[in-house]
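The structure appears below as structure tokens.
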Amino acid sequence: MKYLALSLLFLWSIVPGSAAERDGIRIVPRPAAVEELPGSFRLTSRMRIVVGDERLRSIAEILARAVETQTGLSPVVAAEPDGPAVTLRLDPGFETEEYRLEVTKRGAVVSASTPQGVLHGVRSLQQLIADGEVPACIVRDKPCFAYRGAMLDVCRHFFPVEEVKTFIDLLSLHKINRFHWHLTDDQGWRIEIRKYPLLTRIGSRRSETLVGYYRKNGDNTYDGTPYGGYYTQDDIREIVRYAAERHIEVIPEIEMPGHGLAALAAYPYLGCTGGPYEVWTRWGVSEDVYCAGKESTFRFVEDVLAEVMELFPSKLIHIGGDECPKGRWKKCPLCQRRMREEGLKNEFELQSYFVRRVERWVQSHGREIVGWDEILQGGVSKTATVMSWNGTGPGIKAARQGNPVIMTPKWYCYFDYSQTSDPERYEPLGNTRYVSVRQAYRLDPYDQLRLPERERIMGVQCNLWTEYVADMKRVQHMVLPRMAALAEVGWAYDRKDYDDFVRRIPALVSVYRAEGYHFAPYLFDGIE
Ligand code: ACM
Ligand code: ZN
């Protein structure tokens, strides 16, 4: 009899009745430990989301909206249960982002020691909902890397506040905890600075935009349509607050000394030649950069950063630093005088002077800088965080010399690159270089590093440059589902398994569908 009961139990667990049970526990990024239990929790219209602590109320509201979107049920948030419930709890004994999710037939409990951890548990729970049920299980989970970022370029194309919030929603769903906001570039200045009103009055608007790819032979077409947009300081505060409610830190990027043409167009004294300059109407890298010889350039940079630091509480302030052509500096008497006076051997050292000087100022205001890997040119301080985009090589070099590093090598992390090997067919008029989901998944943030240098790797980031990404639908198409791959590298590096990722991702895609997100279908159509 005992034997019969046991075998019936066994049969029951291998021939589950519902979709939730049949498909098992599918969560992206992969949790640290999963125990599947028999049975499932059926969500009902009477179900409550119970918060044991008022600090969890906004997360409970996020879950309530997600449940409504995914199931059509409208659970209420309450302090006490009244029947089946999802309970959100703060318990000591967890690491910062760690959580535990337990689902039984009677309900679900998410526990963590921080609201951030609870939200991660909620994001996992969301993926387990199938046909109004959640399979019974116990999940214990925590991230491998503390920094898991995504960058959005709002300069080449501008995205209004509500769309930026949608982008932040995508990050939150993937347990990404940093939003790197690329706010200034040659093609547009997008952040209101009270002290320099022309930055937005002039710098946020270009007269027209290149159509198609740029041709060096000069045979180019422009659309004749002015294009622009910027965020007021109130907009910025709203975005920072929205992200903070989702436990995402916003890291602003103000580009210097290159990619500054929009600022030069507004204030021509910032350039070596004095202008006139125009906000750029095409893609590429402008030769006109901030003059490193003038004191007024540094006053401008400091004034701008002072307002930026009022708006953004992040420890890290991104100062760009990439792709700064040196031609203007070579010919500029003021830049050349600066080099003589400071004993700088070449223009790379002048770039290093620029970055170090700005870093000292930022540090004197209690923050740290992060820059693209070109800040290594001519030498960098040990305290600057390096974002390695030209492969992992610069990051490895920086880690070996003791700098904190964020790995974002373009051959894995540039989500403006095509998602298939046949870009002309599937994604015409985009970046023709190629990063498939599988390729994004292959990233090894440590690459050749061993301990103790591995400790310098803070994490990973994906980047979306938007030359060929004009609207939020396209943004979603470019980042989904590659963001899931990157998220898994950052969260679950030690348990990465591509075949298992492919098995689990349909559950996340169900959430994409419910939310109405546009995602690239190639992975699911067997196209690479
Ligand atoms: C970059 O792609 N220029 C950072
Ligand atoms: Zn100069």
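Numbering of ligands and ligand atoms starts at 1, following listing order. Values below: every heavy atom of this structure, side chains too, minus hydrogens, waters and symmetry copies.
Using bins of under 30°, 30° to 60° and over 60° for the plane-to-plane angle, the ring pair Tyr498/Tyr441 lands in the perpendicular bin. Between Tyr269 and Tyr267, the angle of the ring planes goes over 60°, which puts this pair in the perpendicular group of the 30/60° scheme. Taking the six-membered ring where tryptophan is involved, the planes of His157 and Tyr227 are perpendicular, since the angle between them exceeds 60° and thus also 30°. Ring geometry for Phe298 against Phe354 counts as tilted: the plane angle lies between 30° and 60°, on a 0 to 90° scale. The aromatic rings of Trp181 and Phe312 lie perpendicular to each other, with more than 60° between the two planes, well past the 30° mark.
Using modelled atom types, one finds no donor on one side chain facing an acceptor on the other under 3.5 Å when comparing Ser172 with Asp169.
Residues Trp372 and His182 place their aromatic rings such that the two centres sit no closer than 6.0 Å. In this structure, Trp411 has its ring center closer than 6.0 angstrom to the ring center of Tyr417.
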Would His518 and Tyr512 satisfy ring-ring contact (aromatic ring centres under 6.0 Å, His included), going step by step from the backbone distance to the final call?
-> CA-CA 7 Å; His518 298 271; Tyr512 293 171; over 10 Å; no
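At a 4.0 Å heavy-atom cut-off, the residues surrounding ligand 1 are Asp322, Glu323, Trp372, Trp389, Tyr414, Trp465, listed by chain and number.
Within the protein, the N, O or S atoms sitting under 2.8 Å from the Zn ion (ligand 2) are Cys272 SG, Cys291 SG, Cys332 SG, Cys335 SG.
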